[in-house]
Amino acid sequence: MTGDGMTGDGVTRDGAIRDGAVRDGVTQDGATRNGSTRSGAAQDGSMRDGAGARLRPAGYGRLRLGRATFLLHRRAAVVAGAFALLLAAVCVAYLSVGESFVAPAEVLKVLTGRPSPDELVVGTLRLPRMVVGLLVGLAFGVAGALIQTVARNPLASPDVIGISQGAGALTVGAMTFGVTSYAVLPYVSVAGGLLAAALVYAFAWRGGLHATRFVLIGIGFAIALRSLITLFLTKGDYLVAQQAQVWMTGSLNGRGWDEAGPLGLVLLVLLPLVLWAAYAQRTVSMDDDTATGLGVRLGRVRLGLVLAGVVLASVATGAAGPVDFVALLAPQIARRVTRTAQIPLLCSALLGAVIVVLGDLLARKLLAPTELPVGVLTAAVGAPYLIWLIVRGRTGRPGDAGTGSAKGRGRGRGKGRSDGVGTSAGAGAGSGPVAATGAGVGAGAGVGGKG
Amino acid sequence: MSRLRAQGLTLAYEDRTVVSDLDLAVPDGRVTVIVGPNACGKSTTLRALGRLLRPRSGSVLLDGTELAKIPTKRIARSIGLLPQSPVAPEAITVADLVSRGRQPHQRWWQQWSEEDERAVRDAMARTDVTALADRSVDELSGGQRQRVWIAMALAQETDLLLLDEPTTFLDIAHQVEVLDLVRRLNHEQGRTVVIVLHDLNQAARYADHLVAMKAGRVVAEGPPADVVTAELVREVFGLESIVVPDPVTGSPLVVPGAPYGPRRAAEDEDAEDAEDAEDPIRT
């Protein structure tokens, strides 16, 4: 058996390959594979029908603008369209519903600038507040997506890694020491957010940004800053403390064009950066070594993405206070709906806006005439949906991710690099933030030498 | 000729030196395999060749220029690399992942060209993953997934390809499949390939140029037939063995000494008896 079988080199080798193909469960593939292996004809006719006309990876469309070409994920584009329609509907509903009901037709009249008896209620009272909510939602949606991309961890939203807390601490501190003007406070808040982010980034930096360190240090800062806020609240005047408490929950009450202006401007200025970010995400979402191998300057790209995210989150926090969970929920829901490999920025932004506007609509109406802060309801709007998506999407994936993280950690090579692997694999389990932290902490602790 | 070479390379993780004063020239258009026991610094060396690790001292030269002085994107047009356990974004499709290999040839405002299309299609055909194009990478078998990653590295269209233990975690059939693929790429397209392997027999089968490392140094290098000997195996791996010609390829085949069993137990006992017998003489 050995002698004869082994001499025929081709027989043994082909046999082995065919076995492999059968085991893989690739039914129609086996024959073509062996065929092309033997002949070495690489560019053969095994391409699928219509492949000749295709000029893009599967699932993408190509957009040409002069010399520029962009890739568009088709499903993401469709979902973005749907989200935009949903957002429009929510906005009209927001303007219709209130102490008095205004028919949607009248709302549209006001929006298109035609004369209407409801001009005052819709255009002057409700519209400015809605626009602030819309912009805050857009900003949080993009900010969360960018920061989660860099950290490769769904937990890493601005309200978890200390940015909102930084904004909060400085704002409440300023209030305690007598600065109560809403003309100044937003800027104080932006400064606080940027400062906290800079500190987290600086402490997480060790010859490179390690995703897990970034998240853990961010969480540490968030806890410390929260204590600081409590300290300010107990030290300060009773009325100030109450005002601060409302601000801390995130509220759109009394917000208008004064807040919307600067926020809109920042969003507009950052738009080109967001376009670039959408492209950079394609490689940053892979592991460090692969991304570096593809010629990505990870340090710079990450800094750019984090910076854009932090500025957006800080400015939004300045306008409406730390509206919890929007930045955490919107990107995760958007990604699960579009099924893209990275977080879709546009969908995430639109969904963030939907969550905030809808949340504020409910906040105004649910216990009317008592008005709740929007932050109380944003989680209620998004969280059940996200949980449903996660539960539904758990089909045979955790096992895969488990092996991935075991490999990354078991080899324990490249020091901190392996913890990035662990984290993303943990996130890949799709079993939510808790599992992701578990993997992240485990990998972070297991920074061993090569065994 | 060697486009890629290392000179006086010393590599360290923090304060632990892993590779010291290593010189290496990667022969163009050949398959170079680096072998050695665990923790000998072979993967670390490969990481440095692919600029994933900055040398503590010495340098890696690409076409005579230090890697550290070449923009990383330009390096990515010459050197493709596949890390040991690459991580794909969740739920990414095969075609999407392979197309990301085109990154070094693109700009953010020029995301897809005819050239990209051709390169991706070619890479997928060569690695036989075309039929898997729309499948999610997570649901593939280990062997298929490895082929997809290799396709991504191929789509990069680089003359040099660095692979870090591409066969780890694969069963023997898939190991053979992957290594055959790599050799085929080398033969058909003349690409220079550097692979890190820990299986000496596989190394001897697939290498044109074999580099044996131990404790951060190169112990021997050259054609497998000249390098792989019983003495080398003893020196590098600390293993007693017999080296015989591979019945299929004729390359050296390392057969380790007899496994523990009744026969060796008896031999060991004999040896002990002999020692016992000598004792009275010594005292």
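- Neither the backbone nor the side chain of B:Met124 comes within less than 4.5 Å of any heavy atom in chain A.
- Of the atoms belonging to B:Leu81, it is side-chain heavy atoms, and not backbone ones, that fall under 4.5 Å from chain A.
- The side chain to side chain contact (heavy atoms under 4.5 Å, CB included) check on A:Leu273 picks up A:Leu270, A:Trp276, A:Ala308, with sequence neighbours excluded.
- Neither the backbone nor the side chain of B:Ile172 comes within less than 4.5 Å of any heavy atom of chain A.
- By the 4.0 Å N-to-carboxylate-O rule, A:Arg282 lies close enough to B:Asp96 to be salt-bridged with it.
- Between chain A and the options B:Lys73, B:Arg102, B:Gln156, B:Arg100, the largest number of non-hydrogen pairs under 4.5 Å is found for B:Arg100.
- When the salt bridge (charged side-chain N to carboxylate O under 4.0 Å, His left out) test is applied to B:Arg118, the partners found at least two apart in sequence or on another chain are B:Glu115, B:Glu157.
- Classification of B:Arg205 and B:Asp199 as a salt-bridged pair fails, no side-chain N sitting under 4.0 Å from a carboxylate O.
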